[in-house]
Amino acid sequence: MKSYRKELWFHVPTRRAFLNITPKVRECLGESGIREGLVLCNAMHITASVFINDDEPGLHQDYEDWLERLAPHEPVSRYRHNVGEDNADAHLKRQVMGREVVVAVTEGKLDLGPWEQIFYGEFDGRRKKRVLVKIIGE
Ligand code: ZN
């Protein structure tokens, strides 16, 4: 069995953003040389997510609005976690959107559904953060 590991770094200039990282994950798969197996892709930070959904800007705005209703950033004083920091909402948003995805690799390709794309969800940006890509198989 082959094994591949890479860290993808991101520096999102805003507090929140969704980045389509499918091309980067595909690049990793190409580098790995693996034809049959699994890709694990996870955020390495507790205020960011990796998830799969549609690359559609209206939907991304819907996520943003929905998450902001669930866990508003302001007022930061509403959260017990916010002692010396202001990112409690980011921890909660991350929990809802998930830590990782697993994608099958078939014949050297990401075996995604027709509209599935892999996203990095940033909820407390403006600093360097990373995603782990681990691929195993043959
Ligand atoms: Zn925190």
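Both ligands and their constituent atoms are indexed starting at 1 by order of listing. Every heavy atom of this structure was used, including side-chain atoms; hydrogens, water molecules and symmetry mates were not. Index from 1, following the sequence.
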Open item on the list: Quick check: is Leu112 connected to Ile136 through a chain of hydrophobic side chains (ILVMFWY, heavy atoms under 4.5 Å apart)?
Closed with: no
- [ ] Work out how many protein N, O or S atoms lie closer to the Zn ion (ligand 1) than 2.8 Å.
- [x] 4
Task: Proximity of Phe51 and Tyr63 rings by center, below 6.0 Å - done: yes
Open item on the list: Checking one residue: Met44. Which other hydrophobic residues are in its cluster under the side-chain 4.5 Å linking rule?
Closed with: Leu132
Sequence neighbours excluded and cut-off under 3.5 Å, please list the side-chain donor-acceptor pairs for residues 28-43, or say none.
{"unit_1": "Glu31", "atom_1": "OE1", "unit_2": "Tyr4", "atom_2": "OH", "d": "2.7"}
{"unit_1": "Glu31", "atom_1": "OE1", "unit_2": "Lys6", "atom_2": "NZ", "d": "3.4"}
{"unit_1": "Glu31", "atom_1": "OE2", "unit_2": "Lys6", "atom_2": "NZ", "d": "3.3"}
{"unit_1": "Ser32", "atom_1": "OG", "unit_2": "Leu29", "atom_2": "O", "d": "2.7"}
{"unit_1": "Ser32", "atom_1": "OG", "unit_2": "Ile34", "atom_2": "N", "d": "3.1"}
{"unit_1": "Arg35", "atom_1": "NH1", "unit_2": "Glu107", "atom_2": "O", "d": "3.4"}
{"unit_1": "Arg35", "atom_1": "NH2", "unit_2": "Glu107", "atom_2": "O", "d": "3.3"}
{"unit_1": "Glu36", "atom_1": "OE2", "unit_2": "Glu107", "atom_2": "N", "d": "2.8"}

Task: Straight-line distance of Leu70 CG to Gln95 CD, nearest 0.5 Å - done: 12.5 Å
Tabulate below the donor-acceptor pairs under 3.5 Å that side-chain atoms of residues 80-92 make, not counting sequence neighbours, or state none.
{"unit_1": "His81", "atom_1": "NE2", "unit_2": "Glu85", "atom_2": "OE2", "d": "2.9"}
{"unit_1": "His81", "atom_1": "NE2", "unit_2": "Asn87", "atom_2": "OD1", "d": "3.2"}
{"unit_1": "His81", "atom_1": "NE2", "unit_2": "His91", "atom_2": "NE2", "d": "2.9"}
{"unit_1": "Asn82", "atom_1": "OD1", "unit_2": "Asn87", "atom_2": "N", "d": "3.1"}
{"unit_1": "Asn82", "atom_1": "OD1", "unit_2": "Ala88", "atom_2": "N", "d": "3.0"}
{"unit_1": "Asn82", "atom_1": "ND2", "unit_2": "Val76", "atom_2": "O", "d": "2.9"}
{"unit_1": "Glu85", "atom_1": "OE1", "unit_2": "Asn87", "atom_2": "ND2", "d": "3.3"}
{"unit_1": "Asp86", "atom_1": "OD2", "unit_2": "Arg15", "atom_2": "NH2", "d": "3.2"}
{"unit_1": "Asn87", "atom_1": "OD1", "unit_2": "His91", "atom_2": "NE2", "d": "3.3"}
{"unit_1": "Asn87", "atom_1": "ND2", "unit_2": "Asp124", "atom_2": "OD2", "d": "3.1"}
{"unit_1": "Asp89", "atom_1": "OD1", "unit_2": "His73", "atom_2": "ND1", "d": "3.0"}
{"unit_1": "Asp89", "atom_1": "OD2", "unit_2": "His73", "atom_2": "ND1", "d": "3.4"}
{"unit_1": "Asp89", "atom_1": "OD2", "unit_2": "Lys93", "atom_2": "NZ", "d": "2.7"}
{"unit_1": "His91", "atom_1": "ND1", "unit_2": "Ile46", "atom_2": "O", "d": "3.4"}

